[in-house]
**Q** 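Mind having a look at this structure? Questions to follow.
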Amino acid sequence: VMVQRYLEEVDRKGEVSLVYFNGVLSHAVEKAPMLHPSFKSTDEIHEEIVTAREPSEQEWLWGERVRKAIHTLIKEVSGRDIQLLFNRVDVVGDGRGGFYLMEVSLIDAGLYLGASPEGLDNFADAIAQRVFGWAARCGGGRPTRGSGDTMARLELLGAGPNRVSS
């Protein structure tokens, strides 16, 4: 269960989700309002409507501040300078030029891989960087099979196109 304070801005404009892989912004989506009566259908289940879009400069800056704060905390607590494989930062404009931080998802984030043309490839690349970087640090080097593109790397990981879902 998640409890959030009601904000009229969410009902009017929705939210923006910024998705990061290995500490780098991959893509952003706009989530349409879905709880306000004017956006409800007669169905009991309400489908989340997301649209890929570029974040504004202010949205990007806000998301980066949050991501950097999370990274700093992890570094201080763990003593290791590592980025999360993925995280998502959800923001809503406050109507005065600023933003409300609505949610930070670190372990079970909806990454909206299907909403963005580059989302799935970026995520596969982030995983491959982790796997191949770890193998190289352990003396294994990069596997030689495949052409080096994302799908070949996924196949090496046992996560070919039929095994990856958004």
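Counting from 1, the numbers follow the sequence of the chain as shown.
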**Q** For the residue pair Arg67 and Asn87, confirm or rule out a side-chain donor-acceptor distance under 3.5 Å.
**A**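 Note: Arg67 and Asn87 side chains miss the donor-acceptor criterion.
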**Q** What's the shortest heavy-atom distance between Gly14 and Pro33, and which atoms?
**A**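 That would be N-CG, 3.6 Å.
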**Q** Does any non-hydrogen side-chain atom of Val66 lie less than 4.5 Å from one of Val104?
**A**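 Yes - at least one pair of side-chain heavy atoms lies under 4.5 Å apart.
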**Q** Identify, with sequence neighbours excluded, every residue that meets side-chain contact (heavy atoms from CB on, under 4.5 Å) alongside Asp108.
**A**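 side-chain contact (heavy atoms from CB on, under 4.5 Å) list for Asp108, sorted by chain: empty.
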**Q** Kindly say whether Asp81 contributes a backbone atom to a donor-acceptor pair with the side chain of His71 at under 3.5 angstrom?
**A**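 Absent.
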**Q** Applying side chain to side chain donor-acceptor pair (under 3.5 Å), name anything that partners Arg65, two or more places apart in sequence or on another chain.
**A**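 Counting only residues at least two positions away or on another chain, Arg65 forms no side chain to side chain donor-acceptor pair (under 3.5 Å).
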**Q** How far apart are the closest heavy atoms of Ala115 and Val29, and which atoms are they?
**A**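 Nearest heavy atoms, Ala115 then Val29: CB-CG1, 3.9 Å.
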**Q** Quick one: side-chain contact (heavy atoms from CB on, under 4.5 Å) partners of Asp90, sequence neighbours excluded?
**A**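 For Asp90 the side-chain contact (heavy atoms from CB on, under 4.5 Å) partners, ignoring immediate neighbours, are Glu15, Ser17, Lys31, Arg88, Met102, Glu103.
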**Q** Kindly work out whether a path of hydrophobic side-chain contacts (I/L/V/M/F/W/Y, heavy atoms less than 4.5 Å apart) joins Ile49 to Val16.
**A**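 Not linked; separate clusters.
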**Q** Which pair of heavy atoms, one from Arg96 and one from Asp94, lies closest together, and at what distance?
**A**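 For Arg96 and Asp94, the tightest heavy-atom pair comes out as N-OD1, 2.7 Å.
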**Q** Do His27 and Leu113 have side chains that approach each other closer than 4.5 Å (heavy atoms only, starting at C-beta)?
**A**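 Yes. Closest side-chain heavy atoms under 4.5 Å.
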**Q** Could you tell me the separation between the CZ atom of Phe132 and the CD1 atom of Ile127, rounded to the nearest 0.5 Å?
**A**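 Reported to 0.5 Å precision, the distance equals 11.0 Å.
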**Q** Flag yes if Leu61 and Val91 sit in one hydrophobic cluster, no otherwise; membership is Ile, Leu, Val, Met, Phe, Trp, Tyr, and two members link when side-chain heavy atoms are under 4.5 Å apart.
**A**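 Result: yes, single cluster for both.
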**Q** Are any of the side-chain heavy atoms of Trp60 and Leu25 separated by less than 4.5 Å?
**A**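 The answer is yes, as the side chains (C-beta and beyond) meet within the 4.5 Å cut-off.
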**Q** Shortest non-hydrogen contact from Glu64 to Tyr20?
**A**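 Closest pair (atom of Glu64, atom of Tyr20, distance): N-OH, 3.3 Å.
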**Q** Hey, what do you get for NZ (Lys75) to CD (Gln83), rounding to the nearest 0.5 Å?
**A**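 Reported value, rounded in 0.5 Å steps: 9.5 Å.
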**Q** Is Glu59 reaching over with its side chain to a backbone N or O of Ser56, donor-acceptor style, under 3.5 angstrom?
**A**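 Checked: pair present.
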**Q** To the nearest 0.5 Å, what is the distance between CG on Leu111 and CG on Asn122?
**A**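 So the gap between those two atoms works out to 11.5 Å.
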**Q** Same hydrophobic cluster for Phe99 and Val89, using side-chain heavy-atom links shorter than 4.5 Å among ILVMFWY?
**A**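 Same cluster: Phe99 reaches Val89 through Ile, Leu, Val, Met, Phe, Trp or Tyr contacts under 4.5 Å.
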**Q** Any side-chain heavy atom of Phe21 within less than 4.5 Å of one from Val19?
**A**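 Side chain of Phe21 against side chain of Val19, heavy atoms only: contact under 4.5 Å found.
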**Q** Side chains of Ser116 and Glu118: any donor to acceptor distance under 3.5 Å?
**A**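 A pair is found: one side chain offers a donor N or O, the other an acceptor, under 3.5 Å apart.
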**Q** For the pair Phe123 and Phe86, name the ring-plane relationship: parallel under 30°, tilted 30 to 60°, perpendicular over 60°.
**A**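 Perpendicular, since the angle between the ring planes exceeds 60°.
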**Q** Report yes or no: do Val131 and Leu120 belong to one cluster of Ile/Leu/Val/Met/Phe/Trp/Tyr joined by side chain heavy-atom distances under 4.5 Å?
**A**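 Both belong to a single hydrophobic cluster.
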**Q** Is there a side chain to side chain contact (heavy atoms under 4.5 Å, CB included) between Arg130 and Asn22? Walk through the geometry before answering.
**A** CA-CA 9 Å; Arg130 294 283 177 114; Asn22 289 334; 2.8 Å; yes
**Q** Give the cluster check for Val24 versus Leu84: same hydrophobic cluster or not, with ILVMFWY residues linked at side-chain heavy-atom distances below 4.5 Å.
**A**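 No; tracing contacts between hydrophobic side chains, which count when under 4.5 Å, never links both residues.
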**Q** Looking only at non-hydrogen atoms, find the nearest pair between Pro55 and Ala28 and report the distance.
**A**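 Distance-wise, the nearest heavy atoms are CD-CB, 3.8 Å.
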